[in-house]
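Notes to accompany the following structure.
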Amino acid sequence: MRVHVPIHLRWGDLDAYNHVNNVELMRLLEEARVRVFWRSTEEGGDVDSGMALIEAEAGSETITLIARHEVEYVRPIPYQRPPLDIQVWIGKLGGASLEVNYEVFGAVGPDQPLYARASSSIVLVDASTSKPRRITDEERAAWTRYLEEPVAFTKRG
């Protein structure tokens, strides 16, 4: 099961070629990831996610570190007023890490173009020891329902 995260583009996300800059795409993926995984004391929001188990407040017991990113740009993302549909799922659950996968589509509709696919490896770290910590039984149970095949990148020759 994938979580659909609507992300609006900002005019400043565009580069001189009038499409979303590659660095800005990483920020859009970060925004989607934060909305999906990190629980906050603020109520509301536009994403209903059972993955939101990690506290996002200062002083939290767990911090998350990105160990790896991989992105495949399928086509340039033009500016659009409706939000992008960033689909997020888990491609792999390890002992202290998980692989978050993304596909970035245009606005929801019948001809929704695919713009990019990506993957992020995340390590859960105990904030007090700065050492990786195991995924808890509660996290594993909640996240397993979002587990599906990892993103299929185009093979390089």
- Message: For Ser128, give me all partners under side-chain hydrogen bond (donor to acceptor under 3.5 Å, both in side chains), at least two apart in sequence or on another chain.
- Response: Asp126
- Quick one: salt bridge (Lys or Arg N to Asp or Glu O under 4.0 Å) partners of Arg27, sequence neighbours excluded? Glu24
- Indicate the atoms forming the closest heavy-atom contact of Val71 with Ala118, along with that distance. CG2-CB, 3.9 Å
- Task: Hydrophobic side-chain clustering at under 4.5 Å (ILVMFWY, transitive links): who's grouped with Ile63? Put none if nobody.
- Result: Leu65, Val123, Val125
- What are the two closest heavy atoms between Trp89 and Tyr146, and how far apart are they? CB-O, 3.5 Å
- Item | Which residues share a salt bridge (Lys or Arg N to Asp or Glu O under 4.0 Å) with Glu99, sequence neighbours left out | none
- Item | Residues which pass side-chain hydrogen bond (donor to acceptor under 3.5 Å, both in side chains) with Ser97, listed by chain and number, not counting sequence neighbours | none
- Query: Can you find a heavy atom in the side chain of Arg35 that is under 4.5 Å from one in the side chain of Ile7?
  - Reply: yes
- Residue pair Ser120 / Arg33: nearest heavy atoms and the distance that separates them: OG-NH1, 3.7 Å
- Contacts of type side chain to side chain contact (heavy atoms under 4.5 Å, CB included), residue Pro78, not counting sequence neighbours: Tyr115
- Item | Partners passing side-chain hydrogen bond (donor to acceptor under 3.5 Å, both in side chains) against Glu148 (at least two apart in sequence or in another chain) | Arg2
- Are any of the side-chain heavy atoms of Leu29 and Val100 separated by less than 4.5 Å? no
- Query: Does Gln87 use its side chain to pair, donor to acceptor, with the backbone of His4 at less than 3.5 Å?
  - Reply: no
- With sequence neighbours left out, the residues meeting side-chain hydrogen bond (donor to acceptor under 3.5 Å, both in side chains) with Arg133 are Thr62, Glu139
- Message: Test: side-chain hydrogen bond (donor to acceptor under 3.5 Å, both in side chains). Region: residues 11-23. Which pairs qualify, not counting sequence neighbours?
- Response: Arg10-Asp13
- Query: Any salt bridge (charged side-chain N to carboxylate O under 4.0 Å, His left out) pairs touching residues 72-95, not counting sequence neighbours?
  - Reply: Glu72-Arg117
- Query: Apart from Leu114 itself, what residues make up its hydrophobic cluster when side-chain heavy atoms of I, L, V, M, F, W and Y under 4.5 Å apart count as a link, directly or indirectly?
  - Reply: Val74, Phe105
- With sequence neighbours left out, write down each residue that passes ring pair (Phe, Tyr, Trp, His ring centres under 6.0 Å) with Tyr73, or none if nothing qualifies. none
- Of all heavy-atom pairs linking Ala32 and Val88, the shortest is CB-CG2, 4.2 Å
